[in-house]
Amino acid sequence: MTDTNTYSAAAEVATTITRRTRWERTKIVLKKAPLTAWFGMVVITAYVFVAVFAQWLAPYGEADSSFGAYLPWGDGHVFGTDQIGRDIFSRLIYGAQNTMGIAFATTILSFVIGGGLGLVASIDRGWIDQGLSRFVDVLMAIPSLIFALMLLSVFGSTAWSLIIIIAILDSTRVFRITRSVAVNVVVMDYVEAARLRGEGLGWVMRREVLPNIMPPLVAEFGLRFCFVFLTIASLSFLGVGLQPPTADWGSMVRDSAGLMQYVAFDLKAGLTPLLPAGAIALLTVAVNYVVDWFLHLTSGLKD
């Protein structure tokens, strides 16, 4: 007699299909990322690291003015000192923390205000939608930089007033894009079904509409961060942004701009104003590279 094996369906399966974890899917996506996206992610990671650990990375204090004015590069000061004897390299590091931190907080607040109101307007489509839309149209008709200058001159140039004023002004753009992408979702059958079975406005916004409009909002968050970042730097350059002794890249460009006229005599001194300006430009380019890649990734387009 010959031995007979017990039949098993599992034995007929050559391979077992297992669902990839989120980390495995993330690694696959990152491997396919272009060089520009990798460049942007590396730069953003470096900036965030410097901003978080600024107190440990900076060789001197943010407002330490115990050194001589306009000391040359080197001799204990990598990029020299400014007009009152503060170490420029240390202030560049603290500027990353202050400028990026305030820009990030402002962008989050603008999305909370504009995104929330945009979702409410897209779902209501009644007098609330009309009232909010017309109010936003009025605010967007006023040049944002001039409006911010006026409000900051009234309420003062503190960090909190800077965050609140810019967030309110920038939330109008967030409102417009949130409403425009949400109105295409609220007419879907699953949203109508949720409303018919008695779900509240907050539940519909949180569970049905928001998850389906996240890709364009995430991309818009990166772009809004760049605009807010540049706005804060512009206001500081004009003297109404972050006030001394707080280090800020915009005010650093303004304070050291006079050194450019000495570039023929001292090249390093003439390049000093370009250090904070280059830091602003590099971060803006890096964020745009990552946003472009994310938009291409979520759009469904193939190379």
Side-chain angles (χ1 to χ4, degrees), residues 43-44 46-106 145 148-149 151-166 225 228-284:
V43 171
I44 293 172
Y47 272 63
V48 172
F49 178 82
V50 171
V52 172
F53 299 101
Q55 281 76 8
W56 293 273
L57 295 176
Y60 304 103
E62 180 180 10
D64 187 358
S65 58
S66 59
F67 310 103
Y70 293 128
L71 293 180
W73 291 22
D75 297 331
H77 302 282
V78 179
F79 298 127
T81 58
D82 61 8
Q83 73 277 11
I84 61 175
R86 295 172 298 190
D87 183 68
I88 292 178
F89 179 64
S90 299
R91 288 182 64 79
L92 280 172
I93 295 175
Y94 280 104
Q97 185 180 73
N98 297 327
T99 310
M100 290 178 58
I102 290 179
F104 186 72
T106 303
L145 185 59
L149 288 170
L151 293 176
L152 287 171
S153 63
V154 174
F155 295 102
S157 299
T158 63
W160 283 110
S161 62
L162 194 67
I163 291 174
I164 294 173
I165 290 172
I166 298 179
F225 174 80
V228 170
F229 181 75
L230 294 173
T231 300
I232 293 174
S234 300
L235 291 172
S236 298
F237 181 81
L238 296 173
V240 293
L242 294 175
Q243 299 299 305
T246 304
D248 176 77
W249 289 339
S251 60
M252 290 181 66
V253 174
R254 180 196 64 214
D255 294 339
S256 59
L259 292 175
M260 297 190 70
Q261 59 184 325
Y262 300 106
V263 67
F265 309 100
D266 189 346
L267 179 61
K268 292 181 178 179
L271 293 177
T272 300
L274 299 181
L275 296 175
I280 295 171
L282 183 61
L283 180 60
T284 304

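Worth knowing before you read on, the calculation uses all heavy atoms, side chains too, and leaves out hydrogens, waters and symmetry mates. Quick note: residue numbers are just sequence positions, from 1.
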* Do the ring planes of Phe225 and Phe229 sit parallel (below 30°), tilted (30 to 60°) or perpendicular (above 60°)? ->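 Because their plane-to-plane angle is under 30°, the rings of Phe225 and Phe229 count as parallel.
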
If you measure from [atom1] on [X] to [atom2] on [Y], what distance do you get to the nearest 0.5 Å?
| X | Y | atom1 | atom2 | result |
| --- | --- | --- | --- | --- |
| Tyr94 | Leu57 | OH | CG | 9.5 Å |
| Asp248 | Met100 | CG | CE | 12.5 Å |
| Leu162 | Ile232 | CG | CD1 | 5.0 Å |
| Ile88 | Trp73 | CD1 | CH2 | 8.5 Å |
| Ile280 | Leu275 | CD1 | CG | 11.5 Å |
| Ile164 | Leu151 | CD1 | CG | 11.5 Å |

Donor-acceptor pair, side chain of [X] and main chain of [Y], under 3.5 angstrom:
| X | Y | answer |
| --- | --- | --- |
| Ser236 | Gly250 | no |
| Thr81 | Arg86 | no |
| Tyr47 | Ala279 | yes |

* Any chance you could lay out the side chain to side chain contact (heavy atoms under 4.5 Å, CB included) test for Leu283 and Thr99, step after step, and finish with the verdict? => CA-CA 11 Å; Leu283 180 60; Thr99 310; over 6 Å; no

So which atom in [X] and which in [Y] form the shortest heavy-atom distance, rounded to 0.1 Å?
| X | Y | value |
| --- | --- | --- |
| Pro245 | Arg91 | O-NH1, 3.2 Å |
| Pro273 | Ser256 | CG-O, 2.8 Å |
| Arg254 | Gly239 | NH1-CA, 3.1 Å |
| Ile93 | Pro59 | CD1-CD, 4.5 Å |
| Pro276 | Val253 | CG-CG2, 3.5 Å |

* Asked: Can you tell if the side chain of Asp255 reaches within under 4.5 Å of the side chain of Asp82, non-hydrogen atoms only?
  ->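 No, every pair of side-chain atoms sits at 4.5 Å or beyond.
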
* To do: Verify side chain to side chain contact (heavy atoms under 4.5 Å, CB included) between Val48 and Ile44, making sure each step is shown before the conclusion.
  => CA-CA 6 Å; Val48 172; Ile44 293 172; 4.2 Å; yes

* Dump the intermediate steps for side chain to side chain contact (heavy atoms under 4.5 Å, CB included) on Ser161 and Leu152, then the final yes or no. => CA-CA 7 Å; Ser161 62; Leu152 287 171; 4.0 Å; yes

* Stepwise, does the side chain to side chain contact (heavy atoms under 4.5 Å, CB included) test hold for Thr246 with Asn98? -> CA-CA 8 Å; Thr246 304; Asn98 297 327; 3.4 Å; yes

* Asked: More than 12 heavy atoms of other residues, nucleotides or ligands under 6.0 Å from CZ of Phe104: is that the case?
  ->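 Not buried by this count: 12 neighbours or fewer within 6.0 Å.
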
* Among Leu92, Leu71, Asp87, find the one that has a side-chain contact (heavy atoms from CB on, under 4.5 Å) with Phe79. =>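 Among Leu92, Leu71, Asp87, the one meeting side-chain contact (heavy atoms from CB on, under 4.5 Å) with Phe79 is Leu92.
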
